[in-house]
S.K.: 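I'd like to ask some things about the structure below.
Numbers restart at 1 for each chain; the letters A, B, ... are given by sequence-line order, proteins then strands. Not measured: the values here are computed from a predicted model.
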Amino acid sequence: MKTSNVTYLIKKGISSVWKNIVMSFASFSILLVSLLQVSCAVLFILNVNIVMSNIEDTNELTIYVKEGATDAQVAHIKDVLENNRDLTDVKYYSKEDALDDFREDMQEYSELLDYLEENPMPETFLARVTDLSKIRYTVDVISGIEGVEQVKAPYEFAGALVNIRNTVTGITAAVLATLIVVSIVIVSNTIRTSVFARRNEISIMKYVGATNGFIKLPFFVEGMFIGILAGAGAWGLTWVIYDSIFALFGDNLSLWQMFGLYGLIPFSDIIWPLLAINCAAGALLGAVGTVISMGKYLKV
Amino acid sequence: MVELKNVNVHYSSGVDALKDVNLRINDGEFVFIVGESGAGKSTLMKLMMREIIPSTGRVFVNGYNLSKLKGNKIAKFRRSIGVVFQEFRLIQDYTVYENVSFVLRIADQSNKYIRQRVPYVLNLVELGHKARSKTKELSGGEQQRVAIARALANDPGLLIVDEPTGNLDPKRSYELVELLKEINRCGTTVVMITHEHNLVRYFGGRIINIENGSITFDENIGGQDEDE
């Protein structure tokens, strides 16, 4: 097809948005609400994940070194722990560090410790597990290191958190999937109504010899244009809503921290990816929805 | 050239719209197809523009075997003919110019050619001055002429005109047929479907009468306009 005719069809598609302003507005509004719902749900899920990660980060393994282990063995244990990808924040506590900590805990009774002939505290390592679902496996690996006496792990805490995370992930995925399906159904019905209103125009084009591609292109452009506008609109509204919640969060920081929420993801961190995703999703829904809805009117 | 061989059209409703129709229209002819409502004229037109295919038999138009024409070739075939519908079938939101230029865009013509061709065909139907008007602002007669201009835009070898005078007063009807005759004299085959016998008797020529789905009359008769 000649460039001039492609340009003509693209212009025709964009001008149709204004010519059919009522149906365009209906499609725009439905797309806007659908995308707004989905982007708010995505932001909610991202923040829930942050909360879960913050809570999970409080787990701690205590690795006791065997009494009488050599410096080389301690260095080996340290080396193995630091190179284990399932562990993070590995810290070494010497016998002296451990005794000092214990002395602090004893407070006014700490003088009793002065009567000890020998430091009874073991050398220890503290570390956090990066993936709680692998805690048992990680503990088994550490227990197998030469010179390790014992590993203490918060199995119940980890099990409970893994269950909560799986439940939260399942519910949020179901909510998101439902929202997406409902959005697609509503959007496609609205677009179908819009295309139905112009079925006569489509049939005329067929009767005078237009190919399906020629007829679809302006509708495709029109649907995509409305979708991009709706995506940008949904992004703007998400920004306003999110900023309001962010302000509320700032005013009641201590309250939120009780629930493990130490900070929402700042909107500035996701501003451009969210705009791109909203516009892309809007364009895809608008364009594909329009073209699919045209199908039966092209059979002339 | 239009040729129908042993064509039968049987609708799912049980109606036999055409029964064993054999017909040949040569290039350059002007043919009236007449008959009462429900006689089968519209079915014949639908066959000629490949809106439907025959239940049995074969239909050839402009070298295309329409009975076997594949879906992706229909658009190309339709661009080789011009059709004027009874209810015009113009895109009402388009201007007169856009309605006519649209078929040239479909045929992938250049902007330069479109700028030359559209005024030419609009002048042919005496609507050059209405090029920028919205179609919905025109009278029925003017819309009919826009439909003719659109049908002629691609310079088709065959022009099929369905009940073009149905919405016109007698004077405009006669003027319209005169215009179609003029187009025919320039070499375009014209098939005009009508139920107005007075008009047919006045102009004469080859007349095909359809009754209950069968051709009952196919002859050339002299017209009164030739006598005048």
S.K.: Which of residues 3-16 of chain A get closer than 4.5 angstrom to chain B, counting heavy atoms alone?
M.R.: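 Expected list: A:S4, A:N5, A:Y8, A:K12.
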S.K.: Checking B:Q92 against chain A: side chain, backbone, both or neither under 4.5 Å from a heavy atom?
M.R.: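 For B:Q92, neither part sits under 4.5 Å from chain A.
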S.K.: Which atoms of B:F85 are under 4.5 Å from chain A, going by heavy atoms: the side chain, the backbone, both sets, or neither?
M.R.: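 Answer is side chain: those atoms of B:F85 sit under 4.5 Å from chain A.
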S.K.: Tell me, for B:L90 versus chain A, whether the close heavy atoms (under 4.5 Å) come from the side chain, the backbone, both or neither.
M.R.: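 Contact with chain A: backbone only.
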S.K.: Provide the full list of salt bridge (Lys or Arg N to Asp or Glu O under 4.0 Å) pairs with a residue in residues 142-167 of chain B, sequence neighbours left out, each pair given once.
M.R.: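 Non-adjacent pairs meeting salt bridge (Lys or Arg N to Asp or Glu O under 4.0 Å): B:K41-B:E163, B:K130-B:E142.
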S.K.: At a heavy-atom distance under 4.5 Å, which candidate from B:N154, B:I106, B:V103, B:D108 has the highest pair count against chain A?
M.R.: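 Greatest number of close heavy-atom pairs with chain A: B:D108.
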S.K.: What residues, two or more places apart in sequence or in another chain, satisfy ring pair (Phe, Tyr, Trp, His ring centres under 6.0 Å) together with A:Y242?
M.R.: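 With neighbours one apart ignored, the set is A:F267.
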S.K.: Return each pair, listed once, that meets side chain to side chain donor-acceptor pair (under 3.5 Å) where at least one residue sits in residues 216-240 of chain A; pairs must be two or more places apart or across chains.
M.R.: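 Output for this query lists A:S39-A:T238, A:R198-A:E222, A:W239-A:D243.
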S.K.: Determine whether a donor-acceptor pair (N or O, by modelled atom type, separation under 3.5 Å) exists between the side chain of B:R58 and the backbone of B:S67.
M.R.: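 Not at all, since once roles are kept as given, no pair shorter than 3.5 Å links the two residues.
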S.K.: Any side-chain donor-acceptor pair under 3.5 Å between B:Y11 and B:T43?
M.R.: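 Yes, a side-chain donor-acceptor pair sits under 3.5 Å.
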S.K.: Considering only NZ, NE, NH1 and NH2 on the basic side and carboxylate oxygens on the acidic side, decide whether B:D93 and B:K134 come within less than 4.0 Å.
M.R.: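 Salt bridge: no.
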S.K.: Please state whether the side chain, the backbone, both or neither of A:K19 comes within less than 4.5 Å of a heavy atom of chain B.
M.R.: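 For A:K19, the side chain is the part near chain B, not the backbone.
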S.K.: Among the options A:N20, A:I204, A:N212, pick out the one with the most heavy-atom pairs lying under 4.5 Å from chain B.
M.R.: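 Option with the greatest count: A:I204.
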S.K.: Cationic tip of B:R117 within the cone over B:Y120's six-membered ring, i.e. under 6.0 Å and within 45° of the normal?
M.R.: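 The answer is no; the distance or angle limit is not met.
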S.K.: I want to check something: taking the side chain as every heavy atom from C-beta on, are A:V208 and B:V83 in contact at a cut-off of under 4.5 Å?
M.R.: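 Heavy-atom side-chain distance check fails, nothing below 4.5 Å.
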S.K.: Side chain, backbone, both or neither: which part of B:S80 has an atom under 4.5 Å from a heavy atom of chain A?
M.R.: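 Neither part.
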S.K.: Are B:R132 and B:Y97 in a cation-pi setup, meaning NZ or CZ lies under 6.0 angstrom from the ring centre and within 45 degrees of the ring axis?
M.R.: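 Yes, a cation-pi geometry holds between B:R132 and B:Y97.
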